[in-house]
Peer 1: 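One structure is given below, represented as structure tokens, and several questions about it will come after.
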Amino acid sequence: MARTRIALVGIGKIALDQHVPALNASPDWELAATISRSGKVDGIPSYTDFATFLTERPDIPAVSLCMPPVPRYAYAEAALNAGRHVMLEKPPGATLAEVHALQALAKSRGLTLYATWHSRMAHAVAPAKAWLADKTVQKAHITWREDVRKWHPGQDWVFQPGGMGVFDPGINALSILTEILPQPVHLTKALLEFPENRQTPIAAQLTFSGNVSADFDWRQEGPQTWDITVITDKGELALRMGGNVLEIDGKPFAGENTIMGEHPALYARMATLVAQGHSDVDLAPMVHVADALTLGERRITGAFDF
Ligand code: NAP
């Protein structure tokens, strides 16, 4: 069967690390164009202006938006108004309201809008959700500690308004939490650490209902930690390596220690959504971030520079 054409917008770190390999291997999609002010992909027609692309390439019915969240809304709105299906990198936008607006626009136009959460596609998330389904959660804790210099080298946008700071990776943990817990939780307390020269937090400690807590920190050098532990009435679950490896009661249970399957799974889901005429926009992870930024106590910490 012929693959459907798709364009990739915002050719930077995640586009090159994950989207291009996923599309090259996709049975569903053909990478038919890129739109980026300076980035390109060898051998693929490229545009620097999105309006020009939309006018000149009516043969490409879908776009995948990989730029940072703040500029993303204008691109998504223009794409939907031009009759294209839209896939959004995480987090789906800079604000909840703008994503609600995109949802309404996609619905009114009969187009697919997919707000992706790549960490939900990690190998062990589905088995973790299945294991927890008939258990009572007594306690859960997230430890998401990584080195911002390694994962976001020189990306000042993460520390600018709307960049979300440590919630840019932390929202990945929250996307897993909101997927696997059998009951929803809500934020009750947060402590946010802001570098004195930055607009977004570099660390956050979160407390939720249901004895659930989270520790996000962007200052961890050396070994990186992306773990979620859940204590239940019938045993203890540990999701490690960003949701890719699952242990039950300290023993390996499921998973594979690689993130390379996450974006291929997102493109497979996008193909299904378009074929079925559906959208998928779950804002639960972003609600927790918005609540933390609303409720959180703010502490000023030392200056941060890349
Ligand atoms: P990035 O490399 O800094 O940005 C991607 C590209 O977006 C840039 O190369 C730039 O391309 C374009 N762009 C930047 N600012 C723009 C603006 N104001 N208007 C239009 N285009 C702009 O960022 P990234 O790391 O790829 O992250 C992008 C998104 O993917 C974020 O939402 C992030 O949370 C998510 N993500 C990142 C990672 C990761 O490991 N970095 C992992 C998973 C998800 P041009 O200058 O060529 O236009």
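One-based numbering, in listed order, for ligands and for the atoms of each.
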Peer 1: Does some side-chain heavy atom of Asn197 sit less than 4.5 Å from a side-chain heavy atom of Asp305?
Peer 2: yes
Peer 1: Hydrophobic cluster mates of Leu191, side-chain heavy atoms under 4.5 angstrom, ILVMFWY only, any path?
Peer 2: none
Peer 1: Just jot down the salt bridge (charged side-chain N to carboxylate O under 4.0 Å, His left out) partners of Glu98, sequence neighbours excluded, or say none.
Peer 2: none
Peer 1: Parallel under 30°, tilted from 30 to 60°, perpendicular over 60°: which one fits the rings of Phe50 and Phe53?
Peer 2: parallel
Peer 1: Under the rule for ring-ring contact (aromatic ring centres under 6.0 Å, His included), what residues qualify as partners of His123, not counting sequence neighbours?
Peer 2: none
Peer 1: Taking the ring of Tyr114 and the ring of His85, is the distance between their centroids below 6.0 Å?
Peer 2: no
Peer 1: Check each protein residue for a heavy atom under 4.0 Å from ligand 1 and list those that pass, ordered by chain and number.
Peer 2: Gly10, Ile11, Gly12, Lys13, Ile14, Ser36, Arg37, Ser38, Gly39, Cys66, Met67, Pro68, Pro69, Pro71, Arg72, Tyr75, Glu89, Lys90, Pro91, His118, Trp151, His152, Gln155, Trp157, Asp168
